[in-house]
Peer 1: 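My questions all concern the structure below.
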Amino acid sequence: MLTKAPRGTKDLFGDEMNAWLEMENIIRDLCRDFSYGEIRTPIFEHTELFQRGVGETTDIVQKEMYSFQDKKGRNITLKPEGTAGAVRSYIEQKMYAGIQPTRLYYITPAFRYEKPQAGRMRQFHQFGIELLGSDSPTADVEVITVAFELLKRMGITKVKLHINSLGGPECRKKYNEKLKEYLKDNLNNLCETCRDRFERNPLRILDCKNESCSVIVSNAPTVLDVLGDECRSHFEQVKALLDEMGISYIVDTGIVRGLDYYTKTVFEFISTDIGAQGTICGGGRYNNLVEELGGQATAAVGFAVGLERLMMVAEAENGKKEYAQYKDIFIGSIGDAAILKAHSLIYKLRQAGIIAEGDHFNRSVKAQMKYADKIGARYSMIIGEDEINKGKALLKNMNTKEEIEVSFLDLVNTMKSIL
Ligand code: HAM
C-alpha cells in the first residue's frame, strides 16, 4: 500500500509530463486567442454546492463524490467538475459587474468515485471554459469552436461533434410528461435505477447503458419533438452558424448529459478512435444554474474536456511523443578547488538562462564525460588545477569535437554567442 498510488490515480512524469505540458501550452494559447481568462477555484467546496449545482439525482452526486467532514464538522467535497465552482466564484466575486460576457477557463484536477478503466479515473483532469452573461446562439457556437479548434491544434481528426437541445424548463416539463406516458407501460422492464429515475428525472433514462433500457428508449419521443418556438429557433440558429463555419455535426437526440443543469443546446465531441470512454468533451448551455446557486438569473454556456482522454485520442492518432533531452553545457571538475569553480560557473550560466550541469558524485573524468554524453550536453568543459591557475579552460563542442580556449570571465558571453 505504502508504495502504491490509490486506485484510479496516476503519476505523471518524464516524457508523459512533457506531453502534458505541451498540451497545456496549446490550451493556454488557445484561450488567449479566444479571450478566455484563467480562473483557479479551490479543489474542495461545500458539498451543498455540488448537490445543488450538479443535481441531486445525478450519478455524480448520488454515488461518485469524494465527500468528508472537516475538523469543524463542515461538509466538504473534492470537486467532481469545474462548472459549479466557477459559477460560485462568478457570483461571489461579482464578476457580473464587469464587462460582459464573462469568459473563464480552467485546467483542474477533478474527483469522481467511478470504476476505473482506460480513460476513466478517480482523479482526472479537466480543461473547461464558461461563457457567462449571454443567451445568444452565437455564444453557444463560440464555445463549440473553442473545443473544435483545440482538437485541430492537437492534430485530432477522428472525432465527431454531436449536438442536441434539451429546451428550457417549459419544454422539459412537456417532454417529461410525454416520455413518462411513453414509458409507463414498460416500467417493469426498466432497470432499477431507471425505475427510480422515472419519477425523479426521466430524461436520464435515455442515457442508460443497460441493454433492455436502451431498447425501450430507442423509439421514445425526443425533446426536439416538443421544443417551443424560442428554443427551436435558438437550436436552428446554432446549426445555421455551425453550417456557415463549415463545422460538421450530428444531431443526436441521445445526448442528454449526466449533469442536471443543462438547458437548450448540449453537445459532446466523441472519438471514433478509442473505445468505451470515447467522449472527450461535453458541455452545453445552463441558463438556470447561476440563479439556482443564489445569483441573478444569468445565461451561460460552457464545456469540459477530459485531459486524460484528450491525450489518449491524440496518441492513438499521432503516436506517443519522445522528447530528446539536451543541455547547453556540462562543466566537469578534478580536485577540490575545481569543484568550487565549476559549480560557481554553473550557477552563473544558469542565471543567464543557459542550461548547465555539473558533477555531484565525485566521478572520474571519464565517467563525467560519459554522463555529459548521456544528458545530451552540446558543450563541455573540464576544470582542473592547471585551468584554475590560468583562469581559462577548453570549451569542447561535443558534436564536432572542436575545442576553443575560453577565460572563465568570458564563459557566459561566449556561450551566449555560440548557442
Ligand atoms: P462531464 O461530461 O461530466 O461534464 O465531463 C466532461 C469530460 O470530463 C468528459 O467528457 C470526460 O472527457 C471527462 N471525464 C469525466 N469523468 C471522467 C473520469 N472519471 N475519468 C476521466 N475523464 C473523465 C462536466 O464536467 C461539465 N462541468 C462540463 C461543462 C462545463 N458544462 C458546462 N460547462
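In each ligand, atom 1 is the first atom listed, and ligand 1 is the first ligand listed.
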Peer 1: What class does the angle between the rings of Tyr286 and Tyr261 fall in, given that below 30° is parallel, 30 to 60° is tilted and above 60° is perpendicular?
Peer 2: tilted

Peer 1: Which residue and atom name correspond to the protein heavy atom nearest atom 14 (N) of ligand 1, and how close is it?
Peer 2: Phe124 CE1, 3.5 Å

Peer 1: Is Tyr106 close to ligand 1, meaning an N/O of one under 3.5 Å from an N/O of the other?
Peer 2: no

Peer 1: When the ring centroid of Tyr113 is compared with that of Tyr66, is the distance short of 6.0 Å?
Peer 2: yes

Peer 1: Which atoms from ligand 1 have a heavy atom of Gly306 less than 4.0 Å away?
Peer 2: 7 (C), 8 (O), 12 (O), 13 (C)

Peer 1: Does an N or O anywhere in Gly82 fall below 3.5 Å from an N or O of ligand 1?
Peer 2: no

Peer 1: Given the rule in the side-chain hydrogen bond (donor to acceptor under 3.5 Å, both in side chains) test, do Gln69 and Arg74 qualify, once you have shown the distances and angles that lead to the verdict?
Peer 2: CA-CA 5 Å; Gln69 289 198 330; Arg74 297 178 192 95; over 6 Å; no

Peer 1: Looking only at protein heavy atoms, identify the closest one to atom 26 (C) of ligand 1 and say how far it is in Å.
Peer 2: Tyr261 OH, 3.2 Å

Peer 1: Say you draw a straight line from NZ of Lys374 to CE of Met369; how long is it, rounded to the nearest 0.5 Å?
Peer 2: 13.5 Å

Peer 1: Which of the numbered atoms in ligand 1 are below 4.0 angstrom from a heavy atom of Tyr286?
Peer 2: 32 (C), 33 (N)

Peer 1: What part of Phe267, side chain, backbone, both or neither, has a heavy atom within less than 4.0 angstrom of ligand 1?
Peer 2: neither

Peer 1: For atom 7 (C) of ligand 1, what is the closest protein heavy atom, and at what distance to 0.1 Å?
Peer 2: Ala304 O, 3.6 Å

Peer 1: So which of Thr83, Val266, Val313 gets nearest to atom 30 (C) of ligand 1, if we judge by its closest heavy atom?
Peer 2: Thr83

Peer 1: For Glu81, counting its heavy atoms only, list the atoms of ligand 1 lying under 4.0 Å from any of them.
Peer 2: 25 (O), 26 (C), 27 (N)

Peer 1: At a 4.0 Å threshold, what atoms of ligand 1 neighbour a non-hydrogen atom of Leu259?
Peer 2: 1 (P), 3 (O), 4 (O), 24 (C)

Peer 1: Among Glu114, Glu64, Gln123, Arg122, which one has a heavy atom closest to atom 19 (N) of ligand 1?
Peer 2: Glu114

Peer 1: Which heavy atom of the protein is the closest neighbour of atom 20 (N) of ligand 1, given with residue, atom name and distance?
Peer 2: Met121 N, 2.9 Å

Peer 1: Distance-only, no hydrogens or angles: does the Arg122 side chain make a donor-acceptor pair with backbone N or O of Glu114 under 3.5 Å?
Peer 2: yes

Peer 1: Near Tyr262, which atoms of ligand 1 are under 4.0 Å from a heavy atom of that residue?
Peer 2: 26 (C), 28 (C), 29 (C), 31 (N), 32 (C)

Peer 1: Where do Asn201 and Thr57 land on the side-chain hydrogen bond (donor to acceptor under 3.5 Å, both in side chains) test, with the steps shown first?
Peer 2: CA-CA 7 Å; Asn201 194 355; Thr57 62; 3.1 Å; yes

Peer 1: Could you see which bit of Phe303 sits under 4.0 Å from ligand 1, with heavy atoms only: side chain, backbone, both or neither?
Peer 2: backbone

Peer 1: Go through Ser214 and Lys209 one step at a time and tell me if the side-chain hydrogen bond (donor to acceptor under 3.5 Å, both in side chains) criterion holds.
Peer 2: CA-CA 7 Å; Ser214 24; Lys209 301 287 175 280; over 6 Å; no

Peer 1: How close does the nearest protein non-hydrogen atom get to atom 9 (C) of ligand 1, and which residue and atom is it?
Peer 2: Thr279 O, 3.9 Å

Peer 1: Which heavy atom of Tyr175 sits nearest a heavy atom of Val226, and at what distance?
Peer 2: CB-CG2, 3.6 Å

Peer 1: Looking only at heavy atoms, which two atoms of Ala86 and Glu130 are closest? And how far apart?
Peer 2: CB-CG, 4.2 Å

Peer 1: If the test is side chain to side chain contact (heavy atoms under 4.5 Å, CB included), which one of Val146, Ile27, Thr102, Leu104 qualifies with Tyr36?
Peer 2: Val146

Peer 1: Among all protein heavy atoms, pick out the one at the shortest distance from atom 3 (O) of ligand 1; state its residue, atom name and that distance to 0.1 Å.
Peer 2: Arg112 NH2, 2.9 Å

Peer 1: For atom 5 (O) of ligand 1, find the nearest protein heavy atom and state the residue, atom name and distance (0.1 Å precision).
Peer 2: Gln126 NE2, 3.3 Å

Peer 1: Please determine whether side-chain contact (heavy atoms from CB on, under 4.5 Å) holds for the pair Met381 and Lys396, giving the CA-CA distance in whole Å, both sets of side-chain angles, and the decisive distance to 0.1 Å.
Peer 2: CA-CA 6 Å; Met381 175 177 267; Lys396 180 172 173 182; over 6 Å; no

Peer 1: Please confirm whether the backbone N or O of Leu190 pairs with a side-chain atom of Arg195, one donor and one acceptor, at under 3.5 Å?
Peer 2: yes

Peer 1: Pull out every atom of ligand 1 sitting under 4.0 Å from any heavy atom of Gly119, numbered as shown with elements.
Peer 2: 20 (N), 21 (C), 22 (N)

Peer 1: Are Glu130 and ligand 1 in contact, using a heavy-atom cut-off of under 4.0 Å?
Peer 2: yes

Peer 1: Looking at Tyr371, I'd like to know if the NZ or CZ of Arg363 sits under 6.0 Å from its six-membered ring centre while staying within 45 degrees of the ring's axis.
Peer 2: yes

Peer 1: What part of Arg309 sits under 4.0 Å from ligand 1 if we count only heavy atoms: the side chain, the backbone, both or neither?
Peer 2: side chain

Peer 1: Quick one: which ligand 1 atoms are inside 4.0 Å of a heavy atom on Gly282?
Peer 2: 10 (O), 28 (C), 29 (C)

Peer 1: Short list, please: which atoms of ligand 1 are under 4.0 Å from a heavy atom of Cys281?
Peer 2: 10 (O)

Peer 1: Report yes if the distance between the aromatic ring centroids of Tyr249 and Phe148 is under 6.0 Å, otherwise no.
Peer 2: no

Peer 1: For ligand 1, indicate whether the residue Arg257 contacts it via side chain, backbone, both or neither (heavy-atom separation under 4.0 Å).
Peer 2: side chain

